[in-house]
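Below: one structure, written as structure tokens.
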There are 2 protein chains.
Amino acid sequence: MRNVVTKLPTVEDVAKVAGVSRQTVSNVLNSPGIVRETTRKRVEQAIDELKYRPSAAARQLRTRRSSAIGVHLDPYSGGISGVLLDRFVHALTERASERGMRVCVYSARTPEEEMERLGALIDGGEIDAAVVTGTFYGDPRTGWLTQKNLPFVSFGRPWGGDDVFASAHSWVDVDGAVGTAAATTWALANAGPRVGWFGWPSDQGTGDDRRRGWQEAMSAAGASGPVFEVADDVVAARQLMTAALAEDGLRDRLDALVCVSDSLAVAAHLAAADAGRQDLTVIGFDNTPVAEALGLPSVEQSPELVAAGALDLLMGETGTVVAPLDSATPAEHVLVAPRLVVREPALHR
Amino acid sequence: MRNVVTKLPTVEDVAKVAGVSRQTVSNVLNSPGIVRETTRKRVEQAIDELKYRPSAAARQLRTRRSSAIGVHLDPYSGGISGVLLDRFVHALTERASERGMRVCVYSARTPEEEMERLGALIDGGEIDAAVVTGTFYGDPRTGWLTQKNLPFVSFGRPWGGDDVFASAHSWVDVDGAVGTAAATTWALANAGPRVGWFGWPSDQGTGDDRRRGWQEAMSAAGASGPVFEVADDVVAARQLMTAALAEDGLRDRLDALVCVSDSLAVAAHLAAADAGRQDLTVIGFDNTPVAEALGLPSVEQSPELVAAGALDLLMGETGTVVAPLDSATPAEHVLVAPRLVVREPALHR
DNA sequence: GACCAAAACTTGATCGTTCAAATTGCTGCT
DNA sequence: AGCAGCAATTTGAACGATCAAGTTTTGGTC
């Protein structure tokens, strides 16, 4: 087979074969409704015959739409939490391609570098919208994007705003408090009344939100339990928990631990096993492969739902193009309720 | 601040400000060498002043290059192994943007669907090259891509070809055998002579390659050990290993286990602990967060090196554009040597 | 059959860049 | 001075699609 690099067919070529004009071919592709049935069939056949595919670049140049969404890949932190974002990116890619959109990923080590990268993508017309992840207290990116007038959604609430629901931009997030509340309620029912909290130091964000869920569920049940705080590091967390179980004689006065992350849950589980309390109910958050492997129950964030929500906000529930920013329509929000994945504790007795 | 959507500046605008022609501006951007120093400075200043950024679409239309690389995101399998590919995608994105390339990800559930997606990207001129991951025995994608005449690299050898090094396409891979050999040698020196293999059923690919490393290191040392095989599933693997340790009275006749994956290593570690052999040296493969969390030694694949290798093959060691396919230059290969990450076994006594 | 409105289709212009070819300016040599 | 040769710069055309504004066809009504 000769490997001839023939010129790719264009609308013009298709038009010639189908005996119509350029524009009619274009219409068959973009607004089939306005083309007569018989003509459409003829054009479609010509398209198949020539194996025609529209040139993305030409279309993009003319329409000023790229049909691409930019997504930041957070720096690989070497920990457990990265898995969640990867699932999110994955789901976003699948949903996006179902709606005729592509996903363009980029990386940056700092918010400043990220804005530089994003700026090039935006001004170069390479993306129609962006999804920013991991928003934090005082995040400069959201304001910058708003000012740039680019449609975007953040995965993560705008923490620290005066009124979260009056936020100027759209966001999707997981309702952490609902997740930890579910975990706490389940623990109270299945393990006993003495349910502790194992979390991060106060951060005005995700961590506090999750802790609130535990707190409220405990109050509602008229119960109370100890609180431990440590950074998201397995080794440090394990040491802390080992010490705590030993020192306070806490070993036998604890029925369960609700944890802010799977990292801490793993640490707590290992520390408990060291102390001869393999039976201690430890519940994680994120449902990462680690929790699965160890058989620990964990709160599942459903990044797939988050991704779908992000696209709905950008494109409307059924739309096929990114809706332009319109200061009239207010920003919207999606809060996904997570779900507790219960695992068989018998597995690791 | 009024939110005026002013027309973005074009080469023409820059040219006017700098008092030169379109083409000279273009030259400053693409071949600065042929522009006189003083002129270049003037143009660069005009660019800064207007905050000009070239339109990706227009450039792409004219040059027939998109400066984008397509990468498949494998379906999220819910397991541990996905982490490795995510690190690879991540590293690829970073390296690519250093070389002025973007990364466009896409997803597909089957090879057929993948070829469909890729076909649209290729014919639409959206990507200049592709990276395919997870090649398997009899993979239809590589031949198809070769026929499509698109530059590509596979992460993973063309398993099952007659002569791997005569392969028609470029690939990058990790030398699994070197990794397991290192693990085995280390185990022989630090744990004892009775080192077993815990792997997958024969697959004519990755798994067999890794087993070979263990086999050869054992032979070289004049040692031998038991072999266990099971699919990559923590629960099933744990059951099998628990049974094995009990039945054969193997419990006290084993010094270490070299495993084909971290999943199996975790399973083996848990089974060993159940049997009162917390001290059993268990070595994993992939160095995922799970191994890190449990403090298990593991073979690190360095997906960062793999990504760099893939780009070198596509663009040359220093190039800034994808080299066109040239049947004269033979396909090339990069084999990355993995590295054993030793962890403190004392941690989890 | 004449007329009109709506539907169906066509034509010229345009998006912003780079290629190819033409032009201008400069240097050194005879 | 004349001119070759090279460096620096400019000009017209093209990439392949869609938009906006035209023209033709269709079908219904009297």
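Order of the sequence lines fixes the chain letters, A, B, ..., with proteins taken first and strands second; residue numbering starts at 1 for each chain.
Taking the nucleotide of DNA chain D with the nearest heavy atom to each of Ala57(A) and Gln23(B), the more 5' of the two is matched to Gln23(B). Residues Ser26(A) and Val20(B) both approach DNA chain D. Their nearest nucleotides, taken by heavy-atom distance, put Val20(B) toward the 5′ side.
Whole-Å rounding puts the Ile34(A) CD1 to dC9(C) P distance at 9 Å. Atom CZ of Arg36(B) is separated from atom C1' of dT27(C) by 13 Å (rounded to the nearest Å). At whole-Å resolution of the value, CG in Asp13(B) and C1' in dC15(C) are 13 Å apart. One interatomic measurement links the two molecules: CD of Glu12(B) to C1' of dA13(D), which rounds to 14 Å at whole-angstrom precision. One can place NZ of Lys16(B) at 14 Å from P of dT10(D), the figure rounded to the nearest angstrom. At whole-Å resolution of the value, CD in Glu126(A) and P in dT17(C) are 12 Å apart. Leu61(A) has its CG atom 14 Å from the P atom of dT14(C), to the nearest Å. The distance from atom CG of Leu29(B) to atom P of dT17(C) is 9 Å, rounded to the nearest whole Å.
Between Thr63(A) and dA17(D) there is no side-chain N or O to OP1 or OP2 distance below 4.0 Å. Residue Asn30(A) places at least one side-chain N or O under 4.0 Å from the OP1 or OP2 atom of dT18(D). In terms of phosphate contacts, Thr10(A) brings no side-chain nitrogen or oxygen within less than 4.0 Å of OP1 or OP2 of dG16(D). Distances shown here put every side-chain N or O of Thr39(B) at or beyond 4.0 Å from the OP1 or OP2 atom of dA8(D).
You'll find that the side chain of Arg65(A) is closest to dC19(D), out of dC9(C), dC19(D), dT17(C). When distances run from any side-chain atom of Arg62(B) to the nucleotides dC19(C), dA17(D), dT9(D), the shortest one goes to dC19(C). When each of dT17(C), dA8(C), dT9(D) is scored by its nearest atom to the side-chain atoms of Ser55(B), the top-ranked nucleotide is dT17(C). Closest approach to the Ala58(A) side chain among dT11(D), dA17(D), dA13(D) is made by dA17(D) (side chain taken as heavy atoms from C-beta onward).
A donor-acceptor contact under 3.5 angstrom links the side-chain atoms of Arg22(A) to the base of dT18(D).
Other residues, nucleotides and ligands contribute more than 12 heavy atoms inside 6.0 Å of the CD atom of Glu112(A).
Relative ring orientation between Tyr106(A) and His72(A) is described as tilted, the plane-to-plane angle lying within the 30° to 60° band.
Residue contacts shown for Arg64(A) are limited to sugar-phosphate atoms, with no base heavy atom under 4.0 Å away.
For the pair Glu49(A)/Val17(A), a side-chain contact is recorded, criterion being any heavy-atom separation below 4.5 Å from C-beta on.
Of all heavy-atom pairs between Asp173(A) and Phe155(A), the closest is OD1-CE1, 4.0 Å.
With salt bridges taken as basic N to acidic carboxylate O contacts below 4.0 Å, one links Arg109(A) and Glu94(B).
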